[in-house]
Amino acid sequence: MIPSIGVDIGGTKVLAAVVDSTGRVLDTEATATPGTGTGPEGATAAEVEDALVDVTSRLLAVYGRCPVGVAAAGFVDRDAQRVRFAPHLPWRDEHLSKQLTTRLAGRIQGDVLVDNDATAALWAEGRFGAARGMRDAVMITLGTGIGGGLMVHGSLHRGANGMAGEFGHMQVVPDGRACQCGRRGCWEQYCSGRALARAAEEEGSDLSGPALTTAAYEGDLVATAAYEQVAYWLGVGAANLTAAFDPEIIVVGGGVSAAGELLLEPARAALADSLVGAGFRDLPQLVRAELGPLAGVVGVADLARTAGRIRRVGRWGRAPSRVVRGRARRR
Ligand SMILES: [Zn+2]
């Protein structure tokens with residue numbers, strides 16, 4: 001089986017991975033994310049494209065022609081071709097698939113596939129991770145903000161414009177905290193890495209990231225209180241998503257999910273408290289993602305590998321249903 005390559009653009013590095021058909025990462029290449037050093041803001045579209053071509057080319061030189069997918073933190077159209085808008089990247093209605101396919105011509109199989117990074121992460125978790133065998137799943141990635149993905153009846157759900165799953169900008173507090181999107185009270189202002197750092201600061205701590213997690217696990221009251229705030233909002237948002245989609249499982253990924261049960265246990269309690277009809281239904285599992293920071297590249301590589309076959313039968317984005325259903329039957 002020919003492997004495929006997945007690429008994503010992080011705050012500090014552009015990472016490409018060679019992935020086999022079982023989701024195993026065989027090799028990686030990385031280069032520094034162009035821009036200001038704190039993220040791709042300030043980089044030009046050409047600079048980001050150069051970085052993507054650079055890391056991908058290095059792997060193609062070793063592994064030969066294979067399918068390539070790019071996971072982008074932005075709105076990607078339904079055809080997996082164009083990035084309509086990316087808040088932290090210099091892409092505005094950018095035909096990224098065409099640009100990259102042209103530059104990598106002769107060295108890749110098919111066209112470069114582009115997908116939203118959280119949707120790609122959900123695909124990976126559904127195929128190889130925490131949501132294996134599940135048909136109705138929600139992905140929440142808690143990073144600086146919130147990314148989201150949705151699987152309905154075994155298929156990725158993209159919506160009319162390909163923009164479904166932008167859960168971070170659901171309004172949870174009318175006239176609440178100002179959001180980077182220009183509106184107020186968005187969920188990610190209360191439940192994200194940024195919200196966690198803010199909660200710690202309000203409690204009088206200057207800790208953030210892994211140091212804050214360690215302090216909370218060691219019983220530091222300030223750090224614990226910060227996590228409780230964010231966990232409460234995670235549970236409330238998860239209850240809203242459950243009311244809308246009734247998933248079997250909600251997978252929580254992204255950097256903040258590294259806190260594990262410190263975050264998930266109180267979030268489950270808030271979910272049960274907030275969900276309509278909670279005593280008369282099965283609650284969804286609320287679990288940590290299994291594939292960690294590589295979920296996006298693994299997922300988009302797998303989508304690129306399977307896209308040609310799925311497109312031919314007109315079911316682009318559909319889960320390889322035999323795999324999913326087969327596992328579901330065995331459960
Ligand atoms: Zn917003």
Side-chain angles (χ1 to χ4, degrees), residues 8-11 35-36 38-43 71-78 82-94 114-122 138-150 157-202 208-209 226-227 229-245 247 250-257 259 263 267 270-271 274 286 289 296:
D8 82 354
I9 307 111
T36 56
T38 57
E41 287 95 344
F75 297 158
V76 179
D77 69 9
R78 282 179 66 89
R82 199 182 292 262
V83 180
R84 306 298 294 271
F85 171 72
H88 305 292
L89 289 160
W91 291 323
R92 301 290 180 269
D93 219 9
E94 181 84 7
V114 183
D115 211 328
N116 171 268
D117 57 348
T119 298
L122 172 58
V138 167
M139 178 94 205
I140 301 168
T141 57
L142 298 180
T144 311
I146 292 181
L150 193 55
H157 179 77
R158 300 168 183 285
N161 297 288
M163 297 178 187
E166 290 298 325
F167 309 137
H169 301 281
M170 298 189 304
Q171 192 186 51
V172 294
V173 179
D175 292 326
R177 295 173 185 163
C179 183
Q180 285 71 26
C181 74
R183 296 161 70 243
R184 285 189 165 275
C186 294
W187 187 27
E188 70 174 36
Q189 294 307 315
Y190 300 85
C191 181
S192 61
R194 197 181 278 136
L196 187 63
R198 177 186 182 136
E201 197 182 327
E202 282 173 2
S208 65
Y227 267 102
Q229 271 192 46
V230 170
Y232 167 75
W233 283 109
L234 175 59
V236 169
N240 289 339
L241 293 170
T242 302
F245 303 113
I250 299 176
V251 183
V252 183
V256 180
S257 72
L263 185 73
L271 164 62
S274 311
L286 185 66

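Whatever order the structure lists them in is the order used to number ligands and atoms, beginning at 1.
- Side-chain atoms of R194 do not come within 3.5 Å of backbone N or O of Q189 as any donor-acceptor pair.
- Within the 3.5 Å criterion, the main-chain N or O of D93 finds no donor-acceptor partner in the side chain of R84.
- Within the 3.5 Å criterion, the main-chain N or O of T144 finds a donor-acceptor partner in the side chain of S192.
- Taking a cut-off of 2.8 Å, the protein N, O or S atoms nearer than that to the Zn ion (ligand 1) are H169 ND1, C179 SG, C181 SG, C186 SG.
- A ring-ring contact (aromatic ring centres under 6.0 Å, His included) check over residues 166-186, counting only residues at least two apart or in different chains, returns nothing.
- The 12-atom threshold is not exceeded at CD of E201, counting heavy atoms of other residues, nucleotides or ligands nearer than 6.0 Å.
- The backbone N or O of W233 lies less than 3.5 Å from a partner atom in the side chain of W187, making a donor-acceptor pair.
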